[in-house]
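Since the model is a prediction, treat every value here as computed from it, not as a measurement. Reminder, nothing fancy here: chain letters follow the sequence lines and each chain counts from 1.
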2 protein chains.
Amino acid sequence: MTEPPAVARPRRTRADKQRNRAHILEVAEQFFAEQGVSASLDAIAKRAGIGPGTLYRHFPTREALLAALLEARDEELVARRDAIVREENDSARALEQWLEALDIWVSAFDGLPDPLRDALTEGTSPLAMTCQGFVTTTEQFLAAAQRDGRAQPWVRGRELFLSVLATAWVRGAALADESSARSMRAVLRSGWALPG
Amino acid sequence: MTEPPAVARPRRTRADKQRNRAHILEVAEQFFAEQGVSASLDAIAKRAGIGPGTLYRHFPTREALLAALLEARDEELVARRDAIVREENDSARALEQWLEALDIWVSAFDGLPDPLRDALTEGTSPLAMTCQGFVTTTEQFLAAAQRDGRAQPWVRGRELFLSVLATAWVRGAALADESSARSMRAVLRSGWALPG
DNA sequence: TGACAAAACGGAGACTATCTCCTTAATCTC
DNA sequence: GAGATTAAGGAGATAGTCTCCGTTTTGTCA
């Protein structure tokens, strides 16, 4: 029988690891902001002064890196949600403000709607948690508006969230002016049809 | 002074060129249908039994290849437009049917909404002509519905076309069931809001 | 039909991006 | 400081895009 090995006390995380992680995030934020979410990961590593292997050890996929970057903004969005709940009594206006906040959030980087859409279906992406949370919040605002007869009863939160992604996707490249963006939002809100 | 050169009578297009072009289109149609618009072009060339150079000589960009593939379907869509004009008297229903036809058209291949969106902004893509034509048609149907007071007066054809692209983009990966798709279309048509 | 010129083909390979080992270096613990 | 361990670095495997240029095919006309 071998000696029962003493349970190894886990070491503290190495300092260079934390330093590298933070630096990668800084550089990635800049690259994604400038070039969109498809920016070259190797280029980010190079600019951060590390090898590709190091980047991939910290963030195994592009989605993992994105998820880490969005975490800080997630907190802002949660704060915004709380502020809306606190300050807005009209349930329809509250929903509208929440959708607007979501819209700003998904516009953080060019091309962000694509990985978010994928995360919403695949469920395995590190972005999925975040997404699902915001879908739930959307459902809560929506349910309140529906209770007050201020939102179509057949709409669901998931589709509303996807609509926000979709309008952001359109804006990504196809809308030159702000008036088009407003128009898209209006279509989302009140549709194109008038009762005959 | 040099002799004015006899104007060379242009040769007939070589038979192998036509053969190759047709074959590339066949194979590409299959690949795009199976794997979406991002399928490897070199793989298409290989399957078609030609070198990559030949493919790129025929279709310098992925968009050019897509445009050629969509040409046949364009004709179907134009025919559908004429049929709607001929058979549907109600302008709102006509617009709705046209949007549905567009929706089917953009669903020909997985991922098609992306290059179409890009084409609509850049204007240089071989897909731009086609897109622009369908925007114009959308505007015509929309104008009729607006004259009849059946469509919001502030909506424009371009945004409506983009909305169709956007809902197709969402469906691309994120909508499991047909009920979600219907719901998205309903939001597009009548919005989520009810008057307070 | 054969010879010439023009047109088109083929595929090697340059370039870029992703991602993975495995060797080397930095850091923590005692 | 010595030793154990964790992380870094970066060459290179793989895959996709796209180009260039020597070779082949085809059309034309004597």
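- Taking side-chain N and O atoms only, Arg62(B) has a distance below 4.0 Å to OP1 or OP2 of dT17(D).
- In this entry the distance linking CG of Leu41(B) with P of dT17(D) reads 5 Å, nearest Å.
- The side chain of Arg12(B) places an N or O atom within less than 4.0 Å of a non-bridging phosphate oxygen (OP1 or OP2) of dT28(D).
- A cation-pi contact, defined as under 6.0 Å to the ring centre and within 45° of the axis, links Arg73(A) to Phe109(A).
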Assess the residue pair Asp148(B) and Arg150(B) against the criterion (salt bridge (charged side-chain N to carboxylate O under 4.0 Å, His left out)); give the C-alpha distance rounded to whole Å, side-chain angles, the decisive distance to 0.1 Å, and a yes or no.
CA-CA 5 Å; Asp148(B) 296 351; Arg150(B) 301 291 302 285; over 6 Å; no
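- Backbone-only engagement by Ala15(B) is indicated by non-hydrogen atom pairs under 4.0 Å involving sugar-phosphate atoms exclusively.
- When each of dT17(D), dA8(D), dT18(C) is scored by its nearest atom to the side-chain atoms of Ser40(A), the top-ranked nucleotide is dT18(C).
- Nucleic acid contact class of Arg19(B) (heavy atoms, under 4.0 Å, all strands): sugar-phosphate only.
- Across the protein-nucleic acid pair, Ile50(A) atom CD1 and dA8(D) atom P stand 8 Å apart, rounded to whole Å.
- Of the candidates dT26(D), dA12(C), dA11(D), the closest approach to any side-chain atom of Pro52(B) belongs to dA12(C).
- Remark: Arg93(B) is not positioned above the aromatic ring of Phe141(B), lacking an NZ or CZ atom under 6.0 angstrom from the ring centre and at most 45 degrees off the axis.
- Mapping Asp16(B) and Gly53(B) onto DNA chain D via the closest heavy atom, the residue that lands nearer the 5' end is Gly53(B).
- Atom NZ in Lys17(B) sits roughly 12 Å away from atom C1' in dA6(C) (whole-Å rounding).
- With rounding to whole Å, Leu55(A) atom CG is found 13 Å from dA17(C) atom C1'.
- Phosphate contact (OP1/OP2 of dC9(C), side-chain N/O of Arg57(B), threshold under 4.0 Å): present.
- In this structure, Arg117(B) is positioned above the aromatic face of Trp169(A), its NZ or CZ under 6.0 Å from the six-membered ring centre and within 45° of the axis.
- Between Asn20(B) and dC9(C) there is a side-chain polar atom (N or O) within less than 4.0 angstrom of OP1 or OP2.
- Residue Thr54(A) has a polar side-chain atom (N or O) positioned under 4.0 Å from OP1 or OP2 of dG9(D).
- One atom, CG of Asp42(A), and another, C1' of dG9(D), lie 12 Å apart when rounded to the nearest Å.
- At dA8(C), none of the side-chain N or O atoms of His58(B) fall inside 4.0 Å of OP1 or OP2 (strictly under the cut-off).
- The distance from atom CD of Glu63(A) to atom P of dT18(C) is 11 Å, rounded to the nearest whole Å.
- Taking atom CD1 of Ile44(A) as the reference point, atom C1' of dA17(C) lies 12 Å away to the nearest angstrom.
- For the pair Arg189(B) and Trp192(A), the distance from NZ or CZ to the six-membered ring centre is under 6.0 Å and the angle to the ring normal is within 45 degrees.
- In this model, the phosphate group of dT25(D) is not approached by any side-chain N or O of Arg14(B) to a distance below 4.0 Å at OP1 or OP2.
- Straight-line distance from the CG atom of Leu65(A) to the P atom of dC19(C): 12 Å, rounded to whole Å.
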